[in-house]
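In what follows, residues are counted from 1 in the order of the sequence shown.
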Amino acid sequence: DPIGGPDSKWKKRGGGPNVATFFDDFTDGHGYIPSEETVASAQGKFSELANMGQWLVTVTAAGDNETIVCADDAPGGVIAMTNGSANDDSIEAQINGEMWALASGRDIVFECRLSVSDVDACDWMVGIAIQDTAVIDGTDDFIGFGNSANTADVYCANGKDASGVLPFSGGAATTRTDTGTNLSNGTVSTNFVTLRFEVTGTSEIRYFVDGVEVATHTTNLPDNEAMTTTMCIQNAAGAAKELNVDYIYVAATR
């Protein structure tokens, strides 16, 4: 079942909070328009200025045509990240601060529900990664789902000290599995998929698609860096592409 809220999977125990959580259902109406991005107006939810918003946005684009908006006709709340119209235009959004770290005795859960507008003509990624300005083109430490091959395939992958390898290319210092799920072109209300991973200490990561376990990874776990909640999309053709995210949930035992 979809995540119902920040405490729906793990409850506080022992008389105090022992679980750190992040949950966003994107129902608050805060978006991002780059032509209005100034120091005075950049203190909203999304900002290209570090620590001026909740999400730090990195844009690679020929112009200011990209947007991040809470979509219309999207029951339950959906954030739509739309690139500019040139090849390799990209939007990357990461929560300011690195709050998720693998450690012995600590568990981490991530879940996200999303759709992609043109699955054969873009690269995308959701998960956790180190703070970076080029996550989709080569982040060093990460766990998540995505694609770097401009196809409908959904890969799960993780990397440790990968030194700029494309996250979902299966390169050095990464472990990657084709989940066997292929996306269909989606909108803000169609063709969603639910992606989840569960990290146990520093020993394994279990990956799930629509509630079905698809892989277990025990190598290249990024256990030497703290990471942050991340979502990205990059064009692989000269037309705007859209990543639609219904919700993101991350929780970790302290």
Side-chain angles (χ1 to χ4, degrees), residues 1-28 30 45-47 50-57 77 79 92-114 125-132 135 139-146 156-162 167 173-175 194-209 211 213-232 245-254:
D1 294 332
I3 295 293
D7 292 322
S8 65
K9 293 298 179 184
W10 286 339
K11 298 292 185 181
K12 296 178 181 180
R13 302 187 301 270
N18 69 341
V19 176
T21 63
F22 169 80
F23 178 73
D24 202 327
D25 211 5
F26 302 111
T27 57
D28 53 17
H30 288 284
K45 188 167 187 171
F46 297 91
S47 175
N51 302 312
M52 293 292 282
Q54 183 185 35
W55 293 86
L56 176 61
V57 178
I79 200 78
E92 302 184 348
Q94 295 185 291
I95 295 289
N96 277 298
E98 295 173 316
M99 64 293 295
W100 313 116
L102 279 62
S104 178
R106 176 182 295 147
D107 297 329
I108 300 175
V109 173
F110 171 95
E111 188 170 304
C112 178
R113 185 171 181 264
L114 60 82
M125 183 266 185
V126 295
I128 59 177
I130 59 171
Q131 201 85 53
D132 202 342
V135 174
T139 186
D140 292 351
D141 299 270
F142 70 96
I143 306 171
F145 294 87
C156 57
N158 48 273
K160 176 181 177 179
D161 300 332
T174 67
T175 301
T194 301
L195 307 172
R196 177 183 176 94
F197 62 77
E198 300 178 357
V199 185
T200 302
T202 59
S203 61
E204 71 172 21
I205 307 169
R206 300 168 62 206
Y207 293 93
F208 303 81
V209 176
E213 184 170 353
V214 294
T216 298
H217 292 176
T218 59
T219 58
N220 296 309
L221 275 64
D223 57 5
N224 61 341
E225 295 282 354
M227 294 167 285
T228 188
T229 311
T230 301
M231 52 187 184
C232 314
V245 180
D246 180 17
Y247 64 79
I248 288 185
Y249 170 88
V250 194
T253 50
R254 294 184 185 274

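Remark: V214 pairs with T179, Y207, V209 by the side-chain contact (heavy atoms from CB on, under 4.5 Å) rule, at least two apart or across chains. For T175, the side-chain contact (heavy atoms from CB on, under 4.5 Å) partners two or more places apart in sequence, or in a different chain, are N158, H217, T219, N220. Residues forming a side-chain contact (heavy atoms from CB on, under 4.5 Å) with I95 (at least two apart in sequence, or on another chain): F22, Q54, W55, M99, T228, T229. For F26, there are no ring pair (Phe, Tyr, Trp, His ring centres under 6.0 Å) partners, not counting sequence neighbours.
When all heavy atoms are compared, the tightest approach of A129 to T230 is N-OG1, 3.6 Å. For C112 against I248, the heavy-atom pair with the smallest separation is SG-CG1, 3.7 Å. Across all their heavy atoms, A162 and A173 have their closest contact at CA-CB, 3.7 Å. The two residues G159 and P222 come nearest to each other via the heavy atoms O-CB, 3.2 Å. The two residues S47 and G53 come nearest to each other via the heavy atoms CB-N, 4.0 Å. Of all non-hydrogen atoms in V19 and A251, the two that sit nearest each other are CG1-CB, 4.0 Å.
In this structure, OG1 in T202 is found 7.0 Å from CG in L102, a value given to the nearest 0.5 Å. Interatomic distance, CD of Q94 versus CE of M227, reported as 11.5 Å (0.5 Å rounding). How far CE of M231 is from CG of L114: 10.5 Å, rounded to the nearest 0.5 Å. Within the model, atoms CG of L56 and CD of Q131 stand 5.5 Å from one another, a figure rounded to the nearest 0.5 Å. A distance of 11.0 Å separates CG in D25 from CD1 in I79, rounded to the nearest 0.5 Å. Rounded to the nearest 0.5 angstrom, R113 CZ and R196 CZ are separated by 15.0 Å.
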Side chain to side chain contact (heavy atoms under 4.5 Å, CB included) between E198 and D107: does it pass, once the steps are laid out? CA-CA 7 Å; E198 300 178 357; D107 297 329; over 6 Å; no

Audit row: I205, T200, side chain to side chain contact (heavy atoms under 4.5 Å, CB included) steps and yes/no: CA-CA 6 Å; I205 307 169; T200 302; over 6 Å; no

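R206 contributes no side-chain N or O that, together with a main-chain N or O of T216, makes up a donor-acceptor pair within less than 3.5 Å.
Contact annotation: the side chain of T253 never approaches that of I108 to less than 4.5 Å [non-hydrogen atoms, C-beta and beyond].
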List the atom pairs, donor and acceptor, that lie under 3.5 Å between side-chain atoms in residues 139-146 and the rest of the protein, sequence neighbours left out.
unit_1, atom_1, unit_2, atom_2, d
D140, OD1, S163, N, 3.1
D140, OD1, G164, N, 2.8
D141, OD1, D161, N, 3.0

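Listed by first then second residue, pairs satisfying salt bridge (Lys or Arg N to Asp or Glu O under 4.0 Å) with a partner in residues 215-229 read K160-D223, not counting sequence neighbours.
A donor atom on one side chain and an acceptor atom on the other are not found under 3.5 Å apart for T218 and E204.
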